[in-house]
Asker: 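Let me give you the structure first, and then I'll get to my questions.
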Amino acid sequence: MTRTAMDSLDRLESEAVHIFREVAGEFDRPVILFSGGKDSTVLLHLAVKAFWPAPVPFPLLHVDTGHNFDEVLDFRDRTVERYGLRLEVARVQEWIDDGRLAERGDGTRNPLQTVPLLDTIAGHRFDAVFGGGRRDEERARAKERIFSLRNAFGQWEPRRQRPELWNLYNGRHRPGEHVRVFPLSNWTELDVWRYIAREKVELPSIYFAHRRSVYRRDGMLLTAGPWGGPRPGEAVRELTVRYRTVGDGSCTGAVESDAAGIDDVIAEVAASRLTERGATRADDRLSEAAMEDRKREGYF
């Protein structure tokens, strides 16, 4: 890695650490969204650095669709145990079982995460919620603030967002409101992978090349699971693939890849012209404004 790239990572790390400490001093009940994916794992790594040698002073929260990859859930639990943290899990299945939510016809549960997330935030009175969103991922995220104010219903209102100049963040909020905080806003996918390489951050094996039975749907390689599929006419093949992003298995696609190590992944990401969400997330294709709609409703 060049000196320039290392200097850039140092600046990004310093900014993220500053944001964590700012939130710790300004809010009463922060929480970190943690799924075991690469971005939330880097987020947790930065939180550990921000408060070391003291423990991370916030709990973790995962909204579990019930359609997650086993490798990622195993990694999530091992990581929580290693750091000795408290993990709150909001299981979408529980909301379906008691009638607060209904299964979608297409089988995907990603859009169903909003209600469990907002219910859990309200139930625990979390006033700051850290997320691993980055501006390079998608158009709706590109215009997001680092401190994103949400109203009492968890919704995003564009006119109430504050300017952020000179690394000054305004966390003021009314009772019942909360702030979403995105310390990785200014990072790119390539920055994340270079940081993972530099810091030797452990990740789920699913991010590296492995053999998997997949079928093609809408230009993506999906794997069979409890979410259903393949449909008639969708041939299953065993290919060497990896995942650029992980989420609900019904809408998260793999990419064909021989990148078995971090250096290989970095080279692959550097050559790519598609973001990981644009290439492998079907939930972002539900409509032209799918992510914008989810942000307004209160998920992102």
Asker: Can you tell me how far CD1 of I262 sits from CZ of R194, rounded to the nearest 0.5 angstrom?
Answerer: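 If we round to the nearest 0.5 Å, R194:CZ and I262:CD1 are 13.5 Å apart.
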
Asker: Do you see a donor-acceptor pair shorter than 3.5 Å between the side chains of T108 and D106?
Answerer: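 No, no side-chain donor-acceptor contact under 3.5 Å.
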
Asker: Does R198 pair with D10 as a salt bridge, N-O distance under 4.0 Å?
Answerer: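 So R198 pairs with D10 through a salt bridge.
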
Asker: Hey, what do you get for CG (L43) to CZ (F182), rounding to the nearest 0.5 Å?
Answerer: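 Answer rounded to 0.5 Å: 10.0 Å.
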
Asker: Minimum heavy-atom separation for S213 and T223, please, with both atom names.
Answerer: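 Result for this residue pair: O-OG1, 3.2 Å.
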
Asker: Could you go step by step and tell me if E88 and T120 meet the side chain to side chain donor-acceptor pair (under 3.5 Å) rule?
Answerer: CA-CA 9 Å; E88 298 286 344; T120 304; over 6 Å; no

Asker: Taking CZ in R211 as the centre, count heavy atoms belonging to other residues, nucleotides or ligands within less than 6.0 Å. Is the count above 12?
Answerer: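 Atom CZ in R211 is packed in, count exceeds 12.
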
Asker: What's the separation between atom CG in N110 and atom OG in S250, rounded to the nearest 0.5 Å?
Answerer: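 Here the interatomic distance stands at 6.5 Å.
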
Asker: Check step by step if side chain to side chain contact (heavy atoms under 4.5 Å, CB included) holds for I196 and V42.
Answerer: CA-CA 7 Å; I196 289 167; V42 167; 3.7 Å; yes

Asker: Between atom CD of E202 and atom CZ of R82, what is the distance when rounded to the nearest 0.5 Å?
Answerer: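 Rounded to the nearest 0.5 Å, the CD-CZ separation comes out at 5.5 Å.
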
Asker: Donor-acceptor pair, distance only, cut-off 3.5 Å: does the side chain of D136 make one with the backbone of E189?
Answerer: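 Yes, D136 side chain to E189 backbone: donor-acceptor pair under 3.5 Å.
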
Asker: Is V89 reachable from L60 through a run of I, L, V, M, F, W or Y residues, each pair having side-chain heavy atoms under 4.5 Å apart?
Answerer: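 Yes, one cluster joins them.
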
Asker: Answer yes or no: is there a donor N or O on one side and an acceptor on the other, between the side chain of S35 and the main chain of G247, under 3.5 Å?
Answerer: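 It does not hold such a pair.
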
Asker: Any link between W52 and L9 through a network of hydrophobic side chains (Ile, Leu, Val, Met, Phe, Trp, Tyr) touching at under 4.5 Å?
Answerer: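 Yes; tracing contacts between hydrophobic side chains, which count when under 4.5 Å, links both residues.
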
Asker: With sequence neighbours excluded, what pairs up with R100 under the salt bridge (charged side-chain N to carboxylate O under 4.0 Å, His left out) test?
Answerer: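 Expected list: D98, D119.
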
Asker: Do E103 and R109 meet the salt-bridge criterion of a basic N to acidic O distance under 4.0 Å?
Answerer: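 A salt bridge is present here (some side-chain N lies under 4.0 Å from a carboxylate O).
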
Asker: Take the angle between the ring planes of W227 and F69 and call it parallel below 30°, perpendicular above 60°, tilted in between.
Answerer: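 Perpendicular.
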
Asker: Taking E234 first and then R216, would you say they form a salt bridge - that is, a charged N and a carboxylate O separated by under 4.0 Å?
Answerer: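 Here E234 does not pair with R216 in a salt bridge, since their nearest N and O are not under 4.0 Å apart.
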
Asker: Run through I121, L33, L149 and flag the one making a side-chain contact (heavy atoms from CB on, under 4.5 Å) with R180.
Answerer: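 Testing each of I121, L33, L149 against R180, the sole residue satisfying side-chain contact (heavy atoms from CB on, under 4.5 Å) is I121.
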
Asker: For the pair R212 and E71, find out whether any cationic side-chain nitrogen is under 4.0 Å from an anionic carboxylate oxygen.
Answerer: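 Yes, R212 and E71 are salt-bridged.
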
Asker: Tell me the closest heavy-atom pair linking L112 and I96, and the distance in Å.
Answerer: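 Minimum heavy-atom separation between L112 and I96: CD1-CD1, 4.3 Å.
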
Asker: Do N170 and P163 touch side chain to side chain, with heavy atoms closer than 4.5 Å?
Answerer: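 Answer no - side chains too far apart.
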
Asker: Hey, is the main chain of G171 close enough, under 3.5 Å, to the side chain of H173 for a donor-acceptor pair?
Answerer: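 Here the side-chain-to-backbone pair exists.
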
Asker: Near R125 CZ, under 6.0 Å, is it more than 12 heavy atoms from other residues, nucleotides or ligands?
Answerer: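 No, not enclosed.
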
Asker: CZ/F58 to CZ/F20 distance, rounded to the nearest 0.5 angstrom?
Answerer: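 Here the rounded value is 7.0 Å.
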
Asker: So, using salt bridge (charged side-chain N to carboxylate O under 4.0 Å, His left out) as the criterion, who are the partners of R76 when residues are at least two apart?
Answerer: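 Salt bridge (charged side-chain N to carboxylate O under 4.0 Å, His left out) check on R76 returns nothing, list empty.
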
Asker: Does a side chain donor of either E157 or N151 reach within less than 3.5 Å of an acceptor in the other side chain?
Answerer: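 A donor-acceptor contact under 3.5 Å links the two side chains.
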
Asker: Do the non-hydrogen side-chain atoms of V181 and S148 ever get within less than 4.5 Å of each other?
Answerer: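 Counting from C-beta outward, V181 and S148 never come under 4.5 Å.
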
Asker: Tell me, do T79 and L85 make a side-chain contact under 4.5 Å, heavy atoms counted?
Answerer: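 T79 does not reach L85 side chain to side chain.
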
Asker: Check whether any side-chain N or O of S40 sits under 3.5 Å from a backbone N or O of G37 as a donor-acceptor pair, and report yes or no.
Answerer: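 The answer is yes, because a donor-acceptor pair under 3.5 Å joins these two groups.
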
Asker: If I compare all heavy atoms of P204 with all of G36, which pair ends up nearest, and what's the gap?
Answerer: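 Scanning both residues, the minimum pair turns out to be CG-O, 3.2 Å.
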
Asker: Check the hydrophobic clustering (I, L, V, M, F, W, Y; side-chain heavy atoms under 4.5 Å; chains of links allowed) and say if L203 and V48 are grouped together.
Answerer: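 L203 clusters together with V48.
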
Asker: What heavy-atom pair brings M220 and C251 nearest, and what distance separates the two atoms?
Answerer: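 Of all heavy-atom pairs spanning M220 and C251, the closest is CE-O, 4.0 Å.
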
Asker: Start with the C-alpha gap between L61 and L117, add the side-chain angles, then the distance that decides, and say whether side chain to side chain contact (heavy atoms under 4.5 Å, CB included) holds.
Answerer: CA-CA 9 Å; L61 169 62; L117 173 64; 3.9 Å; yes

Asker: Under a 4.5 Å side-chain heavy-atom rule over Ile, Leu, Val, Met, Phe, Trp and Tyr, are Y215 and L239 clustered together?
Answerer: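 Each belongs to a different hydrophobic cluster.
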
Asker: Can you confirm if the aromatic rings of Y207 and Y243 lie within a centre distance of less than 6.0 Å?
Answerer: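 Here the rings of Y207 and Y243 have centres that are no less than 6.0 Å from each other.
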
Asker: Quick one, I19 with Y169, criterion side chain to side chain contact (heavy atoms under 4.5 Å, CB included). Give me CA distance, side-chain angles, the key distance, then yes/no.
Answerer: CA-CA 9 Å; I19 292 167; Y169 306 110; 3.9 Å; yes

Asker: Taking atom CD of E15 and atom CD1 of I146, what is their separation to the nearest 0.5 Å?
Answerer: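 CD1 of I146 is found 4.5 Å from CD of E15.
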
Asker: Do you know which two heavy atoms are closest between F126 and V129, and how far apart they sit?
Answerer: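 Shortest heavy-atom separation between F126 and V129 comes out as CB-CG2, 4.4 Å.
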
Asker: In a check of side-chain hydrogen bond (donor to acceptor under 3.5 Å, both in side chains) between H45 and each of E199, K200, E13, which one passes?
Answerer: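 Going through the options one by one, the only one that passes is E199.
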
Asker: Same cluster or not: V241 versus V236, using hydrophobic residues (I, L, V, M, F, W, Y) connected whenever any side-chain heavy atoms lie under 4.5 Å apart?
Answerer: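 Different clusters.
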
Asker: If I compare all heavy atoms of P183 with all of W187, which pair ends up nearest, and what's the gap?
Answerer: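 That closest heavy-atom pairing would be O-NE1, 3.6 Å.
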
Asker: Report the C-alpha distance between E26 and F147 in whole Å, list the side-chain angles of each, state the deciding distance to 0.1 Å, and finish with yes or no for side chain to side chain contact (heavy atoms under 4.5 Å, CB included).
Answerer: CA-CA 12 Å; E26 191 170 349; F147 273 35; 4.3 Å; yes

Asker: Who are the side chain to side chain contact (heavy atoms under 4.5 Å, CB included) partners of E81, not counting sequence neighbours?
Answerer: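 If we apply the side chain to side chain contact (heavy atoms under 4.5 Å, CB included) test to E81, skipping adjacent residues, there are no hits.
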
Asker: Does H124 reach the main-chain N or O of A122 with its side chain, forming a donor-acceptor pair under 3.5 Å?
Answerer: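 Between the backbone of A122 and the side chain of H124 there is no qualifying donor-acceptor contact (under 3.5 Å).
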
Asker: Do the side-chain N and O atoms of R244 and S272 include a donor-acceptor pair separated by under 3.5 angstrom?
Answerer: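 Yes - a donor-acceptor pair under 3.5 Å links their side chains.
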
Asker: Do D39 and V192 have side-chain heavy atoms sitting under 4.5 Å apart?
Answerer: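 Sidechains of V192 and D39: in contact.
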
Asker: Verify whether one side chain among T65 and D248 offers a donor that lies under 3.5 Å from an acceptor in the other.
Answerer: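 On atom types as modelled, these side chains qualify, holding a pair under 3.5 Å.
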
